[in-house]
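Since the structure is predicted, the reported quantities are computational estimates derived from the model, not experimental observations. Residue indices begin at 1 and follow the sequence shown.
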Amino acid sequence: MKEFALKHGFVSNKESEDYIYSQFLSLDINKNSIILLSNVIKEIAKKGNCVIVGRAADYILKEDEKLVRIFLYAPLEYRLNKVMEIYHDSHEDAFRYIHKSDYSRKSYYEVISNKIWGDKSNYDLCLDCKLGNETIKDIICDYVKSLNK
């Protein structure tokens, strides 16, 4: 998002790193960043096939007939283990991180879409991360291919 926005003039590379972060990477909710990010997401989608993770892209692109909405989820214990493994966090720190992240994602999504974050009825395909990255990739690719037949 950030690189696309810079390349296509949505923001200037003269802007501070903090400003660019707040507009494209933060889950803090502010009207300006929501509008800017929505415009960038729409422009990326206009360029052709793409994968956009999060940012309420499923809602922002809801008019796109070829949109495939995918939700990846995992049980808390699995997520805790992954955060502890990747970031070397304690169990308590991992729990706090996950709780904060979930709250931010939920708030961001629900403010923009007026839908419930994680409600599986909002998506075409929902997959449990316990399946593993390769299996998930294969399922998604097969699913998308089946839509194009």
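Under a 4.5 Å side-chain heavy-atom cut-off, the cluster of Ile, Leu, Val, Met, Phe, Trp and Tyr residues that includes Leu72 is completed by Val68, Ile70, Leu125, Leu127, Leu131, Ile136, Ile139, Ile140, Tyr143, Val144, Leu147.
Qualifying side chain to side chain contact (heavy atoms under 4.5 Å, CB included) partners for Tyr103, counting only residues two or more places apart in sequence or in other chains: Ser107. By the side chain to side chain contact (heavy atoms under 4.5 Å, CB included) test, Tyr87 pairs with Val83, Asp89, sequence neighbours left out.
Note on Trp117 and Leu76: separate hydrophobic clusters, where clusters join Ile, Leu, Val, Met, Phe, Trp and Tyr whose side-chain heavy atoms are under 4.5 Å apart, directly or indirectly.
Under a cutoff of 6.0 Å and an axis angle of 45°, Lys62 and Tyr59 form a cation-pi pair. Taking the ring centre of Tyr73 as origin, the terminal cationic atom of Lys120 falls inside the region bounded by 6.0 Å and 45° from the ring axis.
Distance SG/Cys50 to CD1/Ile52: 4.0 Å, rounded to 0.5 Å. One distance of note links CG of Asn133 with OG1 of Thr135; it measures 9.0 Å at 0.5 Å rounding. Rounding to the nearest 0.5 angstrom, the gap separating the CD1 atom in Ile44 from the CG atom in Asn49 is 13.5 Å. Rounding to the nearest 0.5 angstrom, the gap separating the CG atom in Leu61 from the NZ atom in Lys42 is 8.0 Å. Between the CZ atom of Arg96 and the OG atom of Ser90 there is a distance of 6.5 Å, given to the nearest 0.5 Å. Taken from CD in Glu110 to CG in Asp119, the straight-line distance is 9.5 Å, to the nearest 0.5 Å.
The environment of OH in Tyr97 is sparse: at most 12 heavy-atom neighbours from other residues, nucleotides or ligands sit within 6.0 Å. Residue Phe71 places its CZ atom among more than 12 non-hydrogen atoms of other residues, nucleotides or ligands, all under 6.0 Å distant. Heavy-atom contacts from other residues, nucleotides or ligands closer than 6.0 Å to CG of Asn114 number 12 or fewer.
Salt-bridge formation is detected for the pair Asp102/Arg79: a Lys NZ or Arg NE/NH1/NH2 atom is positioned less than 4.0 Å from an Asp or Glu carboxylate oxygen.
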Starting from the C-alpha separation in whole Å, work towards a yes-or-no answer on side-chain contact (heavy atoms from CB on, under 4.5 Å) for Arg55 and Ile60. CA-CA 9 Å; Arg55 307 295 173 205; Ile60 292 166; 5.5 Å; no
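Asp58 places no side-chain N or O within donor-acceptor distance of the main-chain N or O of Arg69, the cut-off being under 3.5 Å. At least one donor-acceptor pair closer than 3.5 Å links the side chain of Asn122 to the backbone N or O of Ile116.
Residues Pro75 and Lys130 meet the side-chain proximity criterion, which asks for heavy atoms closer than 4.5 Å. Residues His91 and Met84 form a side-chain contact, since some pair of their non-hydrogen atoms from C-beta on lies under 4.5 Å apart. Side-chain contact between Tyr78 and Asp128 is absent, with no heavy-atom pair separated by less than 4.5 Å.
Closest non-hydrogen pair, His88 versus Glu85, comes out as CE1-O, 3.6 Å.
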